[in-house]
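FYI, side chains are in, hydrogens and waters are out, and symmetry mates aren't considered; it's all heavy atoms of this structure. Everything numeric in this text was worked out from a predicted model, so none of it was measured.
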Amino acid sequence: MQKPKVLVTRRWPQAVEAQMAANFDVDLNSADTPLSQDDFRDAMTRYDAILPTVTDKLPAAVFDSSPRTRILANYGVGFAHIDTEAAKVRGIAVTNTPDVLSECTADIAMTLLLMVARRAGEGERELREGRWTGWRPTHLIGTKVSGATLGIIGFGRIGQAMAQRAHFGFGMRIIVHNRSPVPPEVLARYNATQVPTIEDLLPQADFVSLHCPGGAANRHLINARRLDLMKPSAFLINTARGEVVDEHALSQSLWFGTIAGAGLDVFEREPSVPDALLNADNLVLLPHLGSATRETREAMGFRVLENLTAFFDGRSPRDRVA
């Protein structure tokens, strides 16, 4: 029996690529650069499955051809970069990889929180550039994290993993906003309080961490008006999706000191980052490292493999989202 023909759109961990090649007729993107819409339109006519990542854009236009593709098995949790309605119309299944990256993404969120609160980025730059003149009582005074209030927007798996670290590791008080009611037993696990709106959460929080989905519905969820509701001493952390934050509004808040600082792992137009953010001292920037551990990236790939195998065996993939 002929193996399904599969396109892997970026390079994956070697162990996953080897197993994928053993199970399927696989083509790898050896250049490891994002594919264009024309590339995807062409691929739709030549592959039974396409395995995109967050760096790939699959709007409705790429589905215009007569597709051979039967499944888009996404490498990652977020799938806002795929027009799932267009996929449905063409009868194309879409899957993602939940669960496996929650812990490491929460680790990065906590890393950003600690770095910006304790001005670690500023301190490292000063040291590397030879500007450090020695210890003094007023040097790079930061903000205490232990016992502070953390507001979490989006209380799914990653938001809860963040609460675990913040509450049990640093004794932080947890308040959350979520689109749906959080079960009382889940809130009780972190001694957390759910508030009805983002506007209720922002003025109370010393730190605000975003763990909500991306996509059009949440584009610029954090805008100028909402940034103005934050305490002048508060910090914003984003490991969700870049489009959730209005970057121009954030740069204004950072430059004029209406919030104390921010930590970002994701950006609206990756890999492009505005100069206004790059030049802000009270901002910590990371190049989308949320899931970047060997264990997690391999687990994501094997989860894709699991979804593909189920689909081509005639079973329903457990992570089907469309």
Side-chain angles (χ1 to χ4, degrees), residues 77-78 98-99 101-118 142-215 217-241 243-246 249-250 253-254 258-266 284 290:
V77 176
D99 303 325
L101 50 71
S102 301
E103 296 292 330
C104 286
T105 302
D107 286 349
I108 281 289
M110 201 70 215
T111 299
L112 285 169
L113 188 155
L114 291 166
M115 285 183 70
V116 71
R118 297 302 304 272
T143 298
K144 184 179 178 183
V145 171
S146 296
T149 296
L150 173 64
I152 297 176
I153 298 177
F155 208 56
R157 296 178 183 90
I158 302 174
Q160 290 175 39
M162 182 63 169
Q164 175 82 17
R165 285 150 179 72
H167 179 64
F168 292 104
F170 295 89
M172 299 182 83
R173 171 182 171 241
I174 308 297
I175 54 175
V176 305
H177 169 73
N178 198 58
R179 289 180 299 180
S180 56
V182 179
E185 63 272 19
V186 174
L187 292 172
R189 192 179 304 154
Y190 312 105
N191 196 25
T193 302
Q194 183 170 7
V195 295
T197 69
I198 293 174
E199 285 72 17
D200 291 311
L201 180 146
L202 294 174
Q204 299 184 54
D206 300 306
F207 299 87
V208 176
S209 193
L210 305 178
H211 301 284
C212 47
N218 281 342
R219 184 175 183 274
H220 292 182
L221 184 78
I222 302 300
N223 53 26
R225 179 180 63 83
R226 283 177 166 159
L227 286 164
D228 284 345
L229 293 175
M230 292 176 63
K231 298 178 181 179
S233 57
F235 300 86
L236 178 72
I237 308 298
N238 187 17
T239 56
R241 284 291 179 264
E243 67 266 20
V244 173
V245 175
D246 181 337
L250 176 60
S253 294
L254 293 170
T258 57
I259 67 172
L264 305 177
D265 187 46
V266 289
V284 175

Are [X] and [Y] packed together at the side-chain level, in the sense that at least one heavy-atom pair is separated by less than 4.5 angstrom?
X    : Y    : value
L101 : C104 : no
R165 : D107 : yes
I108 : T105 : no
F170 : L114 : yes
I174 : N191 : no

Before you tell me yes or no, could you show the steps for Q194 and N178 under side chain to side chain contact (heavy atoms under 4.5 Å, CB included), namely the whole-Å CA-CA distance, both residues' side-chain angles and the distance that decides it to 0.1 Å?
CA-CA 8 Å; Q194 183 170 7; N178 198 58; 3.8 Å; yes
Contact summary for [X] and [Y], nearest pair of heavy atoms:
X    : Y    : value
A163 : F155 : CB-CE1, 3.8 Å
T239 : H211 : OG1-CE1, 3.5 Å
S209 : A109 : OG-CB, 4.2 Å
A262 : L250 : CB-CD1, 4.2 Å
A106 : A161 : CB-CB, 3.6 Å
N238 : V266 : ND2-CG2, 3.5 Å

Using the side chain to side chain contact (heavy atoms under 4.5 Å, CB included) definition, which of the options I175, V244, L210 pairs with I153?
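Filter result, single survivor: L210.
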Might you work through the side chain to side chain contact (heavy atoms under 4.5 Å, CB included) test for C212 and L221, ending with a clear yes or no?
CA-CA 10 Å; C212 47; L221 184 78; 3.8 Å; yes
Between R173 and Q204, is any side-chain donor less than 3.5 angstrom from a side-chain acceptor?
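Present: a donor and an acceptor within the cut-off.
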Less than 4.0 Å between a side-chain N and a carboxylate O, is that true for E103 and R157?
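Salt bridge absent between R157 and E103.
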Determine whether a donor-acceptor pair (N or O, by modelled atom type, separation under 3.5 Å) exists between the side chain of [X] and the backbone of [Y].
X    : Y    : answer
D206 : A234 : no
E243 : R219 : no
H167 : M172 : yes

When you look at CZ of R189, are more than 12 heavy atoms from neighbouring residues, nucleotides or ligands closer to it than 6.0 Å?
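Yes, CZ of R189 has more than 12 neighbouring heavy atoms, counting only those of other groups under 6.0 Å.
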Starting at [atom1] of [X], measure out to [atom2] of [Y] and round the result to the nearest 0.5 Å.
X    : Y    : atom1 : atom2 : result
L236 : L254 : CG    : CG    : 8.5 Å
F207 : L150 : CZ    : CG    : 8.5 Å
L229 : R225 : CG    : CZ    : 6.5 Å
L227 : S253 : CG    : OG    : 4.0 Å
Q160 : I152 : CD    : CD1   : 9.0 Å
D246 : R226 : CG    : CZ    : 12.0 Å

Using side chain to side chain contact (heavy atoms under 4.5 Å, CB included), reason through F235 and V208 one step at a time and then give a plain yes or no.
CA-CA 6 Å; F235 300 86; V208 176; over 6 Å; no
Before giving the answer on side chain to side chain contact (heavy atoms under 4.5 Å, CB included), spell out for M230 and D228 the whole-Å C-alpha distance, their side-chain angles and the decisive distance to 0.1 Å.
CA-CA 5 Å; M230 292 176 63; D228 284 345; over 6 Å; no
